[in-house]
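Below is one structure, written out as structure tokens; the observations come after it.
Just so you know, these numbers come straight off a predicted model, no measurement behind them.
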Amino acid sequence: MHQKFILASSSKSRYKILKNAGLNFTQKKPNCNEEDIKKTINRKTKPEIFAKKLSYEKARSVSRQKPYANKIVLGCDTVIYHNGKILDKVNSIEKAKKKNQVSIRKGTPICLNGSKVWENYEKTHVKIRKLNNSEINTYLKKTGKQILSSVGCYQIESLGPNIIESIKGDYFNVMGLPLFNLLDYLYSKK
């Protein structure tokens, strides 16, 4: 088995992915202000740099805490990119109606004692089916306001397959983190 690690994320979907994979980990909410970090990054920055920076700061914030000394800490952050722009979560169902195909960029570094020891960057493209207004309204009515917690306004593990036409890349990356590359790293460190 691999070494136990800390997941520096409060994400339920990331927790579920790792738990279902049978991994030995604990979950700790990062001790950093994501909005403050975003302010230090130029919004025109390449999405991979944006994702790597946010995920690194999350992992580092937990890794530097005394209780987690000498323990590996996995950070993760998602950046949704569309038409040359990094997208944020929307705050209304009306804005959710305007989402369509997106690229998901995910940074997943591992830190030890505040320093990065491994990093993965994954890009996955999600294409949303062409939907008419009635289909969009029905989908958003079924999902409710909880869909606003997802930057892309869909959740692959829930009703998302009803509106997704195709995925190019890692399915688990769409759900929350690129599992296969993480497993390669963890099992190489037995």
Side-chain angles (χ1 to χ4, degrees), residues 5 7-23 25 27 29-30 34 38 46-48 50-55 58-59 74-110 119-186:
F5 65 94
L7 170 62
S9 171
S10 54
S11 165
K12 291 176 184 175
S13 60
R14 289 182 188 126
Y15 177 89
K16 188 175 180 179
I17 291 167
L18 297 173
K19 200 67 166 168
N20 287 345
L23 298 176
F25 71 100
Q27 189 173 27
K29 184 177 179 179
E34 190 171 333
K38 285 180 180 179
K46 291 182 179 180
E48 58 269 20
F50 206 91
K52 287 178 180 181
K53 174 75 172 165
L54 284 170
S55 58
K58 289 178 178 185
L74 171 67
C76 192
D77 200 82
T78 303
V79 172
I80 303 289
Y81 194 69
H82 178 63
N83 286 342
K85 292 182 182 176
I86 294 171
L87 304 180
D88 288 315
K89 290 179 183 174
V90 295
N91 56 8
S92 74
I93 294 295
E94 282 307 308
K95 289 179 183 174
K97 291 179 183 180
K98 296 177 182 166
K99 298 284 182 153
N100 49 24
Q101 62 186 28
V102 296
S103 289
I104 298 171
R105 274 38 181 237
K106 191 106 37 186
T108 48
I110 289 181
E119 181 176 51
N120 181 63
Y121 170 75
E122 196 76 32
K123 177 181 173 181
T124 305
H125 184 76
V126 177
K127 184 174 182 182
I128 305 298
R129 285 189 306 107
K130 290 189 189 248
L131 303 168
N132 63 39
N133 283 338
S134 175
E135 290 169 317
I136 293 169
N137 289 333
T138 299
Y139 173 74
L140 292 173
K141 185 177 181 181
K142 286 181 181 177
T143 61
K145 286 194 174 190
Q146 62 91 20
I147 202 65
L148 301 179
S149 67
S150 170
V151 177
C153 293
Y154 63 86
Q155 293 170 332
I156 190 84
E157 68 276 18
S158 181
L159 295 173
N162 292 291
I163 65 167
I164 293 172
E165 182 176 308
S166 65
I167 295 172
K168 290 182 183 170
D170 185 339
Y171 170 83
F172 289 105
N173 195 39
V174 178
M175 282 186 68
L177 59 84
L179 182 61
F180 298 121
N181 290 330
L182 174 63
L183 290 173
D184 285 345
Y185 174 79
L186 291 173

(request) Look up atom CZ in F50 and atom CG in D77, then write down how far apart they are to the nearest 0.5 Å. (result) 8.5 Å
(message) Rounded at 0.5 Å granularity, tell me how far NZ in K46 sits from CZ in R105.
(response) 10.5 Å
(message) What's the separation between atom NZ in K106 and atom CG in N173, rounded to the nearest 0.5 Å?
(response) 5.0 Å
(message) Quick check: closest heavy atoms across G176 and C76, and the distance to 0.1 Å?
(response) O-SG, 3.4 Å
(message) Can you give me the closest heavy-atom contact between E135 and R129, atom names plus distance?
(response) OE2-NH1, 4.1 Å
(request) Answer whether the closest heavy-atom distance between the side chains of N120 and L182 falls below 4.5 Å. (result) no
(request) Enter the distance from N132:CG to T138:OG1 here, rounded to the nearest 0.5 Å. (result) 8.5 Å
(message) Contact between Y139 and L131 at the side-chain level, heavy atoms closer than 4.5 Å - yes or no?
(response) no
(message) Within the structure provided, determine whether N20 and F172 are in side-chain contact (heavy-atom separation under 4.5 Å).
(response) no
(message) Within a 6.0 Å radius of atom OH on Y15, are there more than 12 heavy atoms belonging to other residues, nucleotides or ligands?
(response) no
(request) Supply the atom-to-atom distance K53 NZ to K58 NZ, rounded to the nearest 0.5 angstrom. (result) 13.0 Å
(request) Identify the two heavy atoms, one from A59 and one from A8, that lie closest to each other, and give their separation to 0.1 Å. (result) CA-CB, 4.0 Å
(message) As a quick check of understanding, evaluate side-chain contact (heavy atoms from CB on, under 4.5 Å) for I167 and I156, giving each step before the final call.
(response) CA-CA 10 Å; I167 295 172; I156 190 84; 3.5 Å; yes
(request) Without swapping roles, check the side chain of T124 against the backbone of I104 for a donor-acceptor pair under 3.5 Å. (result) no
(request) Spell out, as yes or no, whether a donor-acceptor pair under 3.5 Å connects the side chain of Q27 to the backbone of S11. (result) yes
(request) Supply the atom-to-atom distance E48 CD to Y81 OH, rounded to the nearest 0.5 angstrom. (result) 8.0 Å
(message) If you define the side chain from C-beta out and look only at heavy atoms, does anything of Y154 sit under 4.5 Å from I164?
(response) yes
(message) Ignoring hydrogens, what is the shortest heavy-atom contact between P30 and S10? Give both atom names and the distance.
(response) CD-N, 4.3 Å
(message) Are N181 and D170 packed together at the side-chain level, in the sense that at least one heavy-atom pair is separated by less than 4.5 angstrom?
(response) no
(request) Please examine the side chains of L177 and I17, heavy atoms only from C-beta on, and report whether any two atoms are closer than 4.5 Å. (result) yes
(request) State, with a plain yes or no, whether a side-chain heavy atom of L186 is found less than 4.5 Å away from one of F5. (result) yes
(request) Kindly say whether Q146 contributes a backbone atom to a donor-acceptor pair with the side chain of S149 at under 3.5 angstrom? (result) yes
(request) Would you indicate whether the side-chain heavy atoms of R14 and T78 approach each other to under 4.5 Å? (result) yes
(message) Take a 6.0 Å sphere around CG of N133 and say whether it holds more than 12 heavy atoms from other residues, nucleotides or ligands.
(response) no
